[in-house]
Amino acid sequence: AVYESLKKAKEFSSQSTEKDRLLIESQYAYRVEQDMEKRFHLLKELATRFPKEKENYSPLVSYYASRQLYPEALAAAEKALALDPKWAVMLNHLAFIYEGRGDRAKAIETLEKAVIAVPDEPNLFDSLGEFYSKSGWLDEAIESYKKAVAIKPDFGTEEIIAYLRAVQGNFDDALLWIDQFILMAPNNESKGLGYWWKAIFDHLAGRQTQAGREMDRVRTLTESVGNLYGTAMAAYGQAYLRFDRGEYDPALGSLEVGHRIAREMAAKTPVVLAGFEALCDFEKDLMQGYIAVRRGQAAAARRSLASLEAT
């Protein structure tokens, strides 16, 4: 539907304003032709011809940053912020430019100033939480993520808060936050993700029966919407829960189900398939090796190790 809309828009782009024509053609180059160089030149022309319109700089900054052209990205970001110093989108871009350049301290400083200047923008608190967590400052990260969800209750950071609380070993709090994420989830795919994490947290907290039920629920939810990726992840989750419970043959069976579903998905993108199949084989050899060690089967463990080394 997007492609058809863009094709129709391009047909009539000559009748649009010059600015709209450049926007349409840049999107067409990106979405339909998948010609990144053509898109870049159109974006650059757009920013050059309409330098007083801040929105023209955002896709250009994203392009530069995606190619690690950080000096060019920084220059474009500064032009946009000169037009609007409190533009949250570009302040967020600026922080990630500094992060890309390896200056996390500057990225954090940028966002700490940004959340004061624009205190009602959840994405700034979300990004600040990300950089805090990458720096190992988990308490600060959690507080920043909490501010994001306080501003916008359906923003989705409950999932990350739950994960960080689990990392800190507070599984009861992690479960409270993931329940809130599930409650606010807009669709079954998101709910499935929430229940996947809930199964993991229950398992780590020693509630293995409950964890198994939650992972079964993930599979039901993802299958109901035809989400192959989610269904494969549910099967992998079942495999590792069963492995930890000592149910080794069922664990291998679940792993094989996950591989089969994932291969179906990867087959739709042939360029990905070969590498993905190698990863599947690696995971299977790894689990078989772990099982052999637990069963005291030294020869089988060495065979799995040899297969892993050959991968």
Side-chain angles (χ1 to χ4, degrees), residues 88-89 91-100 102-116 118-208 210-215 217-218 221-222 229-230 233-234 236-241 243-244:
V89 170
L91 289 168
N92 203 56
H93 274 314
L94 185 61
F96 277 92
I97 291 168
Y98 288 130
E99 170 75 1
D103 192 347
R104 182 168 297 158
K106 186 68 173 176
I108 290 174
E109 179 188 347
T110 298
L111 287 169
E112 287 177 337
K113 291 178 178 177
V115 296
I116 294 172
V118 194
D120 59 348
E121 176 47 61
N123 197 43
L124 293 174
F125 285 103
D126 178 69
S127 296
L128 183 56
E130 178 182 337
F131 292 141
Y132 280 153
S133 64
K134 285 180 176 178
S135 300
W137 306 339
L138 301 191
D139 289 332
E140 292 84 348
I142 289 167
E143 288 307 309
S144 194
Y145 284 127
K146 285 181 179 179
K147 288 176 182 176
V149 80
I151 295 167
K152 193 173 188 296
D154 62 346
F155 194 70
T157 52
E158 304 99 332
E159 176 198 1
I160 308 173
I161 297 169
Y163 171 78
L164 293 177
R165 292 301 279 145
V167 169
Q168 292 178 321
N170 191 330
F171 298 115
D172 288 338
D173 206 28
L175 286 163
L176 288 174
W177 279 102
I178 207 63
D179 279 340
Q180 182 63 19
F181 174 81
I182 293 167
L183 179 65
M184 299 302 295
N187 52 51
N188 278 352
E189 289 186 2
S190 297
K191 288 184 187 296
L193 175 61
Y195 283 117
W196 192 92
W197 278 117
K198 189 170 183 177
I200 298 300
F201 299 152
D202 272 324
H203 180 72
L204 293 172
R207 294 186 279 267
Q208 295 186 350
Q210 181 65 21
R213 285 199 294 264
E214 300 295 359
M215 199 62 78
R217 184 180 295 185
V218 176
L221 283 169
T222 54
Y229 175 78
M233 290 303 296
Y236 289 139
Q238 289 170 328
Y240 284 96
L241 294 183
F243 169 78
D244 269 0

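In what follows, residues are counted from 1 in the order of the sequence shown. On a predicted model such as this, the values are computed, not experimentally measured, just so you know.
Contact annotation: the side chain of L94 never approaches that of L111 to less than 4.5 Å [non-hydrogen atoms, C-beta and beyond]. Under the 4.5 Å side-chain criterion, counting only non-hydrogen atoms from C-beta, K198 is in contact with I182. Considering only heavy atoms from C-beta on, I142 comes within 4.5 Å of Q168 through its side chain. Proximity of Y229 to M233: side-chain heavy atoms (C-beta onward) are separated by under 4.5 Å at one or more points. Side chains of D126 and I160 form a contact here, defined as non-hydrogen atoms less than 4.5 Å apart. Inter-residue side-chain proximity for E112 and I108 is flagged as met; some heavy-atom pair is nearer than 4.5 Å. T222 is not listed as a side-chain neighbour of N188, based on a closest heavy-atom distance of 4.5 Å or more.
In plain terms, the two heavy atoms of A166 and A174 that are nearest each other are N-CB, 3.9 Å. Closest non-hydrogen pair, I178 versus G194, comes out as CG1-O, 3.4 Å. The two residues G129 and A141 make their nearest non-hydrogen contact at O-CB, 3.4 Å. The two atoms that bring A211 and L241 nearest to each other are O-CD1, 3.8 Å, heavy atoms only. Of all heavy-atom pairs between A95 and T110, the closest is N-CG2, 4.2 Å. Nearest heavy-atom pair across E214 and A199 is CB-CB, 3.7 Å.
To the nearest 0.5 Å, the span separating NZ on K106 from CD1 on I97 amounts to 12.5 Å. Atom CG of N187 and atom CG of L193 lie 10.0 Å apart (nearest 0.5 Å). Atom CG in L124 sits 11.5 Å away from atom CD1 in I116 (nearest 0.5 Å). Rounded to the nearest 0.5 angstrom, W177 CH2 and E158 CD are separated by 6.5 Å. To the nearest 0.5 angstrom, R207 atom CZ is 9.5 Å from F171 atom CZ. Atom CE of M215 is separated from atom CH2 of W196 by 6.0 Å, given to the nearest 0.5 angstrom.
Panel note: side chain S144, backbone F125; a donor-acceptor pair is recorded below 3.5 Å. The main-chain N or O of Y132 is never found under 3.5 Å from a side-chain atom of R104 such that the two would form a donor-acceptor pair. Formation of a donor-acceptor pair under 3.5 Å by the E121 side chain with backbone atoms of N123 is found in this model. In this structure, S190 contributes its side chain and P186 its backbone to no donor-acceptor pair below 3.5 Å. Without hydrogens or angle criteria, Y145 side chain to S127 main chain gives no donor-acceptor distance under 3.5 Å.
Around the CZ atom of F155, the shell of radius 6.0 Å holds more than 12 heavy atoms that belong to other residues, nucleotides or ligands.
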Give the C-alpha distance, both sets of side-chain angles, the deciding distance and a yes or no for side chain to side chain contact (heavy atoms under 4.5 Å, CB included) between K134 and E99.
-> CA-CA 11 Å; K134 285 180 176 178; E99 170 75 1; 4.0 Å; yes
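If you look at F96 and F131, their ring centroids are closer than 6.0 Å. In this structure, W197 has its ring center under 6.0 Å from that of F201.
Between K147 and E143 there is no salt bridge, since no side-chain nitrogen of the basic residue lies less than 4.0 Å from a carboxylate oxygen of the acidic one.
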